[in-house]
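Lettering of chains follows the sequences in order, A, B, ..., and the numbering in each one begins at 1.
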Amino acid sequence: MQRWSKLFIPTLREAPTDAEVASHKLLLRAGYIRQLGAGIYSYLPLGQRSLNKIIAIVRQEMDKIGQEFFLPALNPRELWEESGRWAGMGQNMFHLKDRKGAELCLAMTHEEVMTSIARNELRSYKQLPQIWYQIQTKFRDEPRPRSGLLRVRQFTMKDAYSFDIDAAGLDESYKKHYDTYCRIFKRCGMDFVAVDADSGAMGGSGSQEFMVYTDAGEDLIASSASGYAANLEKATSKLAPVEDLIPTGDTPELVHTPGFRTIDEVGSFLQTKSHHQLKTMAYIVEHPEADAKQIKTVGKTRAVVAFLRGDHQLNETKLAAIALGELRPMTPEEIAETFKAPAGYLGPIGLEAAPHPRKPGVLVVLDAALEGRKNLIAGANKEEYHLRNVTPGRDFKPTVIADIRNINEGELDPIGGEPLRLGKAVEIGHIFKLGYKYSESMGARVLDANGKEVMPIMGCYGIGIERILTAAIESSAAANAQLSAEDLNTKQPAGEQYALPAAIAPFEVIITITNVREADLLAAGEKIAADLEAAGVDVLLDDRDERAGVKFKDAELIGVPYRINIGKKLAEGQVELVDRLTQTTTDLPLDTITAYIQSLLNASKV
RNA sequence: CGGGGCGUAGCGCAGUCUGGUAGCGCACCUGGUUCGGGACCAGGGGGUCGGAGGUUCGAAUCCUCUCGCCCCGACCA
């Protein structure tokens, strides 16, 4: 039996000043973790119990679709040279040398190791598909570790890799992971959304991130009641129709706009709304990952010009996906060369667009929201002048028309037409169709049914173990702060209270004996604890000789979802059950408590 | 890497400007009272003031260098 008096649970009344976000403060105060360095944490017994529970759920579900490995964290340089990621990962990977001077790295992820096993061992399509996973420590030399366990340099990740004979097989493996992830996160009690994500620099055809809304998060996502959900880098929306200006003629007309450069200035000067304007943004794209052919045709760098509605914001990731490289703003010299005009008066007319993205010339991208619009106001590429009556298609032709803008809160989702909620979120899982990147670069080949050598197609799938714990605390603390705000009698400051879902809490139940010097109370506590334990419940008995107030506070701090108070009411054969998630207290007869707890826990299981 | 902030007892802080015996609250130890919402009284232990160098009769305090941590940005499967 777990007795608090014998355990190491160093709770703190005050959190160290370093801690900023709720989960960080609470994890420290509850004695779950201690910091060793920037982005490096020790997991104390309570934290370890909780993480072990998460891992057990992940393992149980993953074993249904795959097989567990344990792979080295220490990897030789040569392996990563093969995939091109020794250099590709840059400073984000920890590098070290052994005594002989051989170079090694601490693996950030395990595509290379898994693929090397696959290429050495897999020979035939008959051996496919394979789903291989592991749960282990990853190392990333983050430029800026932050927010407690949310962004760290050493953390636990479940990562899985699938190998299939063809794209249809990959689709199946991907779907299996999607379903498994939903089960895992539900069992962990997470309130999550799966969003379409940008595939990033890794390429590939499909990618979804599993997100939990929380202000502590670093990603922006959009979702709606209809079930639509997407990363801001992918999100699109239906726009309310806007009325175009009444034209003053059939062709663009110069307007003198001395000293008016910004959208707002021009808008108020010409007495028009900002959505009547065409905004011009100029970038240079550098093609670090482009193939040789691409560089040959369009050059190592290239001018990229984006046109957006005046009141819209550019999403650089969307634009970068079209431009196939990294973007940076043009310098004034580059602007002068491209437009023959100063910033503030840039516009589409007279700009020579490349006829095709793969052809040389300026890559001109018109945001889809401007398609079909008429009589816009745009820069004239002439100092102190703008143009009115500018109509895309008629007056100028872009290289491509594409969605390159950020959506806004409240716009309607493209599927169900429900208002979109925009918010910060933390990523707890990611599933990703990798394609052939590693099979190709590392030479994995199998024979297909026709005896022909083919590359297996891969997928990779990650779950951040610590992030599940962190997100659960953030969510609960936020919900609690809201409850507290509604109940003005609560003296707890916002975000100081939380409770974990029973499935991932270090204990499911805590029994608080209000006074251990009263033999009756102590005996009753021992009895209930023993009964619960016999019934398979994970119970902690607070048998410390402390004042009741201290024990209540501590019980709340460690986030255990159910608390049984044994005190005065025992004389009437009653104990109190506090449900921390709903903040309700119920008196129950002593002899029914075990069965009642069991039914509660069963009901909370998914 | 750019900007900002902070390093004084386990935690939270004062003292630094204006150099002169290193302090307070919580925690911890001992004794007593108390005992359903972070008790009270009395006594006690605990600090190379992040580190190095310098100025000075004398440095937590002034100067130089350095290390670490946090926040914003950049970055980021």
Q: List the steps and the verdict of side chain to side chain donor-acceptor pair (under 3.5 Å) for S223(A) and Y213(A).
A: CA-CA 10 Å; S223(A) 67; Y213(A) 273 109; 2.8 Å; yes
Can you see if the side chain of [X] gets near the phosphate of [N] - specifically, an N or O under 4.0 Å from OP1 or OP2?
| X | N | result |
| --- | --- | --- |
| R144(A) | rC72(B) | yes |
| R13(A) | rA27(B) | yes |
| Q35(A) | rC70(B) | yes |

Side chain of [X] (C-beta onward), nearest among [options]:
| X | options | value |
| --- | --- | --- |
| N515(A) | rC71(B), rA39(B), rC35(B) | rC35(B) |
| R517(A) | rC76(B), rC71(B), rU34(B) | rU34(B) |
| R547(A) | rG38(B), rC70(B), rU34(B) | rU34(B) |
| R151(A) | rC76(B), rC71(B), rA77(B) | rC76(B) |

Contacts under 3.5 Å, N or O only, protein and nucleotides 7-11 of chain B:
| residue | atom | partner | partner atom | Å |
| --- | --- | --- | --- | --- |
| rC11(B) | O2' | E14(A) | O | 3.3 |

Under 4.0 Å, heavy atoms only, any strand: does [X] hit a base, just the sugar-phosphate, or nothing?
| X | answer |
| --- | --- |
| G37(A) | sugar-phosphate |
| I431(A) | nothing |
| E576(A) | base |
| R29(A) | base |

Q: Find out whether I135(A) and E68(A) are in side-chain contact, i.e. whether some heavy atom of one side chain is under 4.5 Å from a heavy atom of the other.
A: yes
Q. Considering only heavy atoms from C-beta outward, does the side chain of L96(A) approach that of L74(A) to under 4.5 Å?
A. yes
Q: Could you tell me whether F432(A) and Y161(A) have their ring centroids closer than 6.0 angstrom?
A: no
Q. Less than 6.0 Å separating the ring centroids of H24(A) and Y41(A)?
A. yes
Q | Earlier contact from the 5' end, RNA chain B, for E218(A) and R563(A) | A | R563(A)
Q. So which one's nearest nucleotide on RNA chain B is more toward 5', N92(A) or S147(A)?
A. S147(A)
Q) Does the distance from a Lys or Arg side-chain N to an Asp or Glu carboxylate O, for R153(A) and E142(A), drop under 4.0 Å? A) no
Q. Are K424(A) and E218(A) within salt-bridge range, i.e. N to O under 4.0 Å?
A. no
Q: Could you tell me the separation between the CD atom of E112(A) and the C1' atom of rA77(B), rounded to a whole number of Å?
A: 12 Å
Q | Side-chain donor/acceptor contact of Y161(A) with base of rA77(B) under 3.5 Å | A | no
